[in-house]
K.L.:
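Mind looking over this structure? Questions follow.
Computation of the quantities below employed the complete heavy-atom set of this structure, encompassing side-chain atoms and omitting hydrogens, waters and symmetry-equivalent molecules. What you are looking at is a predicted structure, and each value in this text was computed from that prediction instead of being measured.
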Amino acid sequence: MIARRNPVRLAMARLWRNRRAAVAVEMAFAIPGLVVLGFGGIEIANLTLTHTRISQIGLSAADNASRIAFGSSLSQPSIREIDINEVFTGVEAQAAGLDFKPNGRIILSSLERNPDDGQWIHWQRCYGDMKVNSAYGPEGTGITGTDFPGMGPEGSEVKAPAGTAVMFVEITYQYKSLVYGKWLKPQTIRSTAAFNIREGRDLQQVYNPAPAATPSTCT
């Protein structure tokens, strides 16, 4: 008479020898880590792209402001409030998808020479709701004397040559995380750009002829 084998023991033995599910078990442990790494890569790529976009927006704004030349061939070109507002309109268009106005600020300064041959922030205009002031001072900084060194990093400041102006842009943006907003600290992106005006310009003031435009003041 043949002794019957215990079916439970047989099932356990087959399960012990079966290796087909090993990969599935390993993947079950690995997938959460891979997902975290994958989203982390997306976050880093998006942050890098945003840095690049903010830098390019600042460069374009400074370049566009340096090209403003309103007037006829019979008079020296001037700059108007409406021209500055159009530069900021270009900023908003270039920043499409970044929700820039509520989360950023761009500060456009006209760096010139004062009567004492020192550096001077003649006028300053701003766009964006972020509460940020210029790192180099408000409009009127350096109006007299030669103590104001210019705008830019200490030791390598941008200086305006005599008889012309430099359009200096400071741009700040509060980056919003795509995935890890609850864990990552807020990322503030800052960039600067400067362009010398392209041709002679009436530097006496920013004009606002009729129909007058609302100045984009920094207050």
Side-chain angles (χ1 to χ4, degrees), residues 53-70 76-95 100-101 103-174 188-208 213-219:
R53 288 190 66 186
I54 293 300
S55 176
Q56 290 299 317
I57 290 168
L59 285 167
S60 294
D63 187 21
N64 290 337
S66 73
R67 296 174 185 273
I68 295 172
F70 173 77
Q76 194 171 30
S78 61
I79 185 169
R80 303 170 298 170
E81 297 289 355
I82 192 171
D83 300 320
I84 297 172
N85 290 346
E86 287 177 353
V87 170
F88 292 147
T89 299
V91 167
E92 185 59 40
Q94 195 173 356
F100 183 84
K101 189 176 187 299
N103 298 297
R105 171 161 275 209
I106 183 166
I107 304 172
L108 173 63
S109 302
S110 180
L111 182 64
E112 303 171 23
R113 291 283 186 98
N114 65 25
D116 298 322
D117 207 31
Q119 297 297 303
W120 170 35
I121 300 177
H122 186 182
W123 54 260
Q124 205 168 68
R125 297 293 184 270
C126 296
Y127 175 78
D129 299 333
M130 194 174 182
K131 301 302 181 184
V132 179
N133 297 321
S134 171
Y136 311 103
E139 178 180 309
T141 299
I143 190 169
T144 59
T146 57
D147 292 337
F148 181 54
M151 305 180 75
E154 185 177 356
S156 56
E157 292 89 355
V158 174
K159 299 180 185 295
T164 186
V166 173
M167 298 291 98
F168 193 95
V169 163
E170 301 165 74
I171 183 167
T172 308
Y173 176 72
Q174 190 73 52
T188 301
I189 300 173
R190 293 182 173 86
S191 184
T192 59
F195 276 85
N196 201 81
I197 58 174
R198 292 295 197 267
E199 57 181 294
R201 178 185 290 177
D202 181 348
L203 300 177
Q204 295 184 57
Q205 66 181 75
V206 178
Y207 293 90
N208 199 10
T214 302
S216 299
T217 57
C218 297
T219 55

K.L.:
Without placing hydrogens or testing angles, list every side-chain donor-acceptor pair under 3.5 Å for residues 190-197, not counting sequence neighbours.
P.N.:
{"unit_1": "N196", "atom_1": "ND2", "unit_2": "T164", "atom_2": "OG1", "d": "3.3"}

K.L.:
Measure the CH2-CD1 distance between W123 and I79 for me, rounded to the nearest 0.5 Å.
P.N.:
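Atom-to-atom, W123:CH2 and I79:CD1 are 4.0 Å apart.
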K.L.:
Taking all heavy atoms of W120 and all of I143, pick out the closest pair and write down the distance.
P.N.:
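Scanning both residues completely, I find the closest heavy atoms to be CD1-CA, 3.4 Å.
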K.L.:
Got a second to check how far T172's OG1 is from N103's CG, nearest 0.5 Å?
P.N.:
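Atom-to-atom, T172:OG1 and N103:CG are 12.0 Å apart.
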K.L.:
Minimum heavy-atom separation for I106 to A61, with atom names?
P.N.:
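Scanning both residues completely, I find the closest heavy atoms to be CD1-CB, 3.6 Å.
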K.L.:
Going by the salt bridge (charged side-chain N to carboxylate O under 4.0 Å, His left out) test, which pairs reach into residues 108-119, not counting sequence neighbours?
P.N.:
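Pairs touching residues 108-119 that pass the test: R113-D117.
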K.L.:
Can you list the residues that meet the side chain to side chain contact (heavy atoms under 4.5 Å, CB included) rule with D202, with sequence neighbours excluded?
P.N.:
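Checked D202 against side chain to side chain contact (heavy atoms under 4.5 Å, CB included); matches are Q76, S78, Q204, Y207.
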K.L.:
What's the spacing between I84 CD1 and Y127 OH if we round to 0.5 Å?
P.N.:
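Output value for this atom pair is 15.0 Å.
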K.L.:
Is D63 close to R198 at the side-chain level, that is, under 4.5 Å between some pair of heavy atoms?
P.N.:
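Yes, close enough: below the 4.5 Å cut-off.
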K.L.:
When you measure from the side chain of R53 to the backbone N and O of Q94, does any donor-acceptor pair fall under 3.5 Å?
P.N.:
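Yes; judged by distance alone, with no hydrogens or angles, the pair exists.
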K.L.:
Run the side chain to side chain contact (heavy atoms under 4.5 Å, CB included) test on L59 and Q56 for me, step by step, so that the C-alpha distance in whole Å, both residues' side-chain angles and the decisive distance to 0.1 Å come before the verdict.
P.N.:
CA-CA 5 Å; L59 285 167; Q56 290 299 317; 4.1 Å; yes
K.L.:
What distance separates L108 CG from S216 OG, expressed to the nearest 0.5 Å?
P.N.:
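Between L108 CG and S216 OG, I get 9.5 Å after rounding to 0.5 Å.
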K.L.:
Closest approach of T144 and N114, non-hydrogen atoms and distance?
P.N.:
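Minimum heavy-atom contact is C-ND2, 3.6 Å.
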K.L.:
Between N64 and S60 (side chain of the first, backbone of the second, donor and acceptor by atom type, cut-off under 3.5 Å), is there such a pair?
P.N.:
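Pair found, side chain donor or acceptor close to backbone of S60.
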K.L.:
Is there any ring pair (Phe, Tyr, Trp, His ring centres under 6.0 Å) pair reaching into residues 129-153, and which pairs are they, with sequence neighbours excluded?
P.N.:
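Listed once each, the pairs are Y136-F168.
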K.L.:
I need the R125 CZ to I107 CD1 distance, nearest 0.5 Å.
P.N.:
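If I round to the nearest 0.5 Å, the distance is 13.0 Å.
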K.L.:
Enter the distance from S109:OG to H122:NE2 here, rounded to the nearest 0.5 Å.
P.N.:
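Interatomic distance, S109 OG to H122 NE2, rounded to 0.5 Å: 12.0 Å.
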K.L.:
Would the distance check show the side chain of Q119 and the main-chain N or O of A160 forming a donor-acceptor pair, the cut-off being under 3.5 Å?
P.N.:
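Answer holds: yes.
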K.L.:
Taking salt bridge (charged side-chain N to carboxylate O under 4.0 Å, His left out) as the cut-off, I'd like each qualifying pair that reaches into residues 146-171, sequence neighbours left out, listed once.
P.N.:
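Passing the test, one end in residues 146-171: no pairs.
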K.L.:
For residues V166 and P161, report the shortest heavy-atom separation together with the two atoms involved.
P.N.:
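That would be CG2-CD, 4.4 Å.
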K.L.:
Strictly by disulfide (SG to SG under 2.5 Å), give each pair with a member in residues 103-144 just once, sequence neighbours left out.
P.N.:
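The answer is C126-C218.
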K.L.:
Where is the tightest heavy-atom contact between T188 and Q174, given as atom of each residue plus distance?
P.N.:
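In this case the closest contact between T188 and Q174 is OG1-OE1, 3.4 Å.
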K.L.:
Give me the atom names and distance for the closest heavy-atom approach of F100 to R105.
P.N.:
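That would be CZ-N, 3.7 Å.
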K.L.:
Would you say the side-chain atoms of R201 pair up with the backbone N or O of I68, donor to acceptor, closer than 3.5 Å?
P.N.:
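Yes.
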K.L.:
Using atom types as modelled and distance alone, determine if a side-chain donor or acceptor of Q124 lies under 3.5 Å from a backbone N or O of G137.
P.N.:
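Judged by distance alone, yes, a pair lies under 3.5 Å.
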